[in-house]
Undergrad: 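What follows is a single structure, and I will ask about it in a moment.
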2 protein chains.
Amino acid sequence: MIEPNLELIAARLEGLEETIIARLIDRVQFASNLVIYEKGKSRFIGVEGLSLFEARLVAQETMDSEFGRFAVPEERPFNRNLQPPKRLVSIPENCLRVTDYDTVNFSADILAGYLRLVPRICEAGDDFQHGSSVEMDVYALHAISRRIHFGSFYVGEAKYSAHPEEYRKLVAAKDIEGMTRLLTRKEVEDRIIERVKGKVARLQADVNIAVRRLIDPELVAEFYREIVIPLTKRGEIAYICERDPSL
Amino acid sequence: MIEPNLELIAARLEGLEETIIARLIDRVQFASNLVIYEKGKSRFIGVEGLSLFEARLVAQETMDSEFGRFAVPEERPFNRNLQPPKRLVSIPENCLRVTDYDTVNFSADILAGYLRLVPRICEAGDDFQHGSSVEMDVYALHAISRRIHFGSFYVGEAKYSAHPEEYRKLVAAKDIEGMTRLLTRKEVEDRIIERVKGKVARLQADVNIAVRRLIDPELVAEFYREIVIPLTKRGEIAYICERDPSL
């Protein structure tokens, strides 16, 4: 059985920050284009009931599923009923002790949080770059989801294995508050938020604002504080509750 | 008829640099994984003759085509025989004077140049992140292709309209060398290459190398010097030769 390596896990989570920031910067190059989120306005033949954004998310995840993306624990889909992979995917052995990774899937909450973020970070209005906007939305969402689910699974496992007795009791008592208390490290959270804010600022420090739009570092920090970190913690708890010690 | 605005065109080209660099940085997070480029080794059911990379490029462009990506002049596909869009795409009026944008399509050369770049920028070996690697390849290629084709069309039109008589004569005489001389601005090319190199360095200046891999700024500058800029110039000439003054 592989043991969780907290140092590697933290490194991976830190490395994913650049990806999330880059994807959000990509998205803000386009206006908010809010019509792309309106159901029935996709003008896409065959999926008239969906928004253009939803149509893109379905198409992307249908393709990604064929390529085996969702065989990876931290890649949790936003859609259900996707087809199984069309290729043989080799997934390295891991330290997780759940068989169905979709028992920890916070996609709906991630999506809701992201859709609230878009109008805050993007320029208001419509620049008719609808295809590009939904493309960037999907990439940003996948990057955010990867970070949250990676944390949920691997940090969940690492924290559990550091205090198995305490967690076992809290799970048995269904004490979510107690688990939240036990796994919360306020100083780590604050450090992550500050680091993210600094990265956003530095990644844009030399940008020519005549040709590129910027994202407010404070808004990304807030997104981490209000969405990414709380959902990761809820994911850790979900993982710990689903964890099967017999595996 | 809309006139080309050189300032806007240059701004767009400059803004695309960040996107190319970000996509290349994404790719180098994974090993070169050269097996993904070998035909017949995709392990993907239904496309056994292709490489995994080719299978991904086909799947992505099939989806993108349905969403209308290739209705945009600078979005030229790498694959042929794609299906027409499934949505009504509004393309703003532009200054270009060709009806079939695919008469200027340098995808094959872009692909060849990119595939030579991969083993130079990525860590050698195989990390089994094949799905992610081909995903990042496709995004990087699209970003590079967008820059080269945008320049081909819009810079081509701008340069032509600045010297219509000279270009008309050179086109009539099929004098490619003469056209190359007329449209080359060595000092602009050098400035672009230096700017790109500086951006690559600055975008990575504060990165924690324990968690992220870096790309050598010199290699990206070289890619601009040897691939991006020469292909853009060949594209400008192709556009000028295809240009239909009656439009």
Side-chain angles (χ1 to χ4, degrees), chain A residues 7-8 10-19 22-23 25-26 29 42-47 52 55-56 59-60 62-64 66-69 71-72 75 85-92 127-132 134-135 139 142 195 198-199 202-208 210-213, chain B residues 7-8 10-19 22-23 25-26 29 42-47 52 55-56 59-60 62-64 66-69 71-72 75 85-92 127-132 134-135 139 142 195 198-199 202-208 210-213:
Chain A
E7 206 174 326
L8 281 181
R12 179 80 201 282
L13 285 176
E14 186 182 333
L16 290 173
E17 290 163 6
E18 269 81 1
T19 311
R23 295 291 183 273
I25 290 175
D26 285 341
Q29 302 311 309
S42 76
R43 307 202 301 176
F44 199 97
I45 299 154
V47 291
L52 183 63
R56 179 78 187 188
Q60 176 82 36
T62 301
M63 174 178 71
D64 283 345
E66 291 188 349
F67 278 80
R69 167 179 228 136
V72 177
E75 303 281 2
K86 282 194 183 172
R87 56 182 274 256
L88 298 164
V89 186
S90 326
I91 299 297
D127 57 14
F128 302 102
Q129 303 279 317
H130 297 180
S132 298
V134 296
E135 188 184 343
Y139 302 153
H142 278 162
R195 185 174 67 207
K199 282 184 186 177
R202 283 194 303 275
L203 280 169
Q204 301 180 116
D206 294 291
V207 162
N208 178 354
V211 305
R212 295 278 290 182
R213 292 192 190 143
Chain B
E7 205 174 325
L8 281 180
R12 180 78 202 282
L13 285 176
E14 187 182 333
L16 289 172
E17 290 162 7
E18 268 82 2
T19 311
R23 295 293 181 275
I25 291 175
D26 285 341
Q29 301 313 307
S42 76
R43 305 202 301 176
F44 198 97
I45 299 154
V47 291
L52 184 63
R56 179 77 188 189
Q60 176 82 35
T62 301
M63 174 179 70
D64 282 346
E66 292 187 349
F67 278 81
R69 167 178 228 138
V72 177
E75 301 281 3
K86 282 195 183 172
R87 58 183 272 257
L88 298 163
V89 186
S90 325
I91 299 297
D127 58 13
F128 302 102
Q129 303 281 317
H130 297 178
S132 297
V134 296
E135 187 184 344
Y139 301 154
H142 277 161
R195 185 175 65 209
K199 281 183 187 179
R202 283 194 303 274
L203 280 170
Q204 301 181 117
D206 294 292
V207 162
N208 178 354
V211 304
R212 297 277 289 181
R213 293 192 190 144

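Quantities reported herein were computed from a predicted structural model and do not represent experimental measurements. In the text below, chain A, chain B and the rest are named by the order of the sequence lines, each starting its count at 1.
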Undergrad: Hey, which of A/E135, A/H130, A/Q204 has the most heavy atom pairs under 4.5 Å with chain B?
TA: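 Looking at each of A/E135, A/H130, A/Q204 in turn, A/E135 comes out on top.
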Undergrad: Which one of B/Q60, B/K199, B/R12 has the most heavy-atom pairs closer than 4.5 Å to chain A?
TA: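 That would be B/Q60.
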Undergrad: Tell me, side chain or backbone of B/L8 under 4.5 Å from chain A's heavy atoms, or both, or neither?
TA: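 No part of B/L8 comes within 4.5 Å of chain A.
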Undergrad: The criterion is salt bridge (charged side-chain N to carboxylate O under 4.0 Å, His left out); which residues satisfy it with B/E14, sequence neighbours excluded?
TA: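 B/E14 satisfies salt bridge (charged side-chain N to carboxylate O under 4.0 Å, His left out) with B/R195 once adjacent residues are dropped.
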Undergrad: Using non-hydrogen atoms only, which part of A/I91 is less than 4.5 Å away from chain B: side chain, backbone, both, or neither?
TA: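 Neither part, no heavy atoms under 4.5 Å.
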Undergrad: So what's closer than 4.5 Å to chain A heavy atoms on B/R213: side chain, backbone, both or neither?
TA: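 Contact with chain A involves no heavy atom of B/R213 at all.
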Undergrad: Can you name the residues that form a side chain to side chain contact (heavy atoms under 4.5 Å, CB included) with A/R23, not counting sequence neighbours?
TA: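 Here the qualifying residues are A/T19, A/D26, A/Y139, A/A140, A/A143, B/R23, B/D26, B/M136.
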Undergrad: Checking heavy atoms, do the side chain of A/S42, its backbone, both or neither come under 4.5 Å from chain B?
TA: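 Only the backbone of A/S42 comes within 4.5 Å of chain B.
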Undergrad: For B/F67 versus A/A59, what's the shortest heavy-atom pair and its separation?
TA: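 The pair with the smallest heavy-atom distance is CE1-CB, 3.7 Å.
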Undergrad: Side chain, backbone, both or neither: which part of B/E66 has a heavy atom under 4.5 Å from chain A?
TA: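 Answer is both: backbone and side chain atoms of B/E66 are under 4.5 Å from chain A.
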Undergrad: Is B/A55 close to chain A through its backbone or its side chain, or both, or neither, when contacts mean heavy atoms under 4.5 Å?
TA: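 Both parts, backbone and side chain.
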Undergrad: For A/R43 and B/L88, work out which heavy atoms get closest and say how close.
TA: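 Heavy-atom minimum between the residues: NH2-O, 2.9 Å.
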Undergrad: Name the region of B/Q29, side chain, backbone, both or neither, that has any atom closer than 4.5 Å to a heavy atom of chain A.
TA: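 Neither part.
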Undergrad: Quick one: which of B/V207, B/V72, B/D64 has the most heavy-atom pairs under 4.5 Å with chain A, could you say?
TA: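 Winner by heavy-atom pair count: B/D64.
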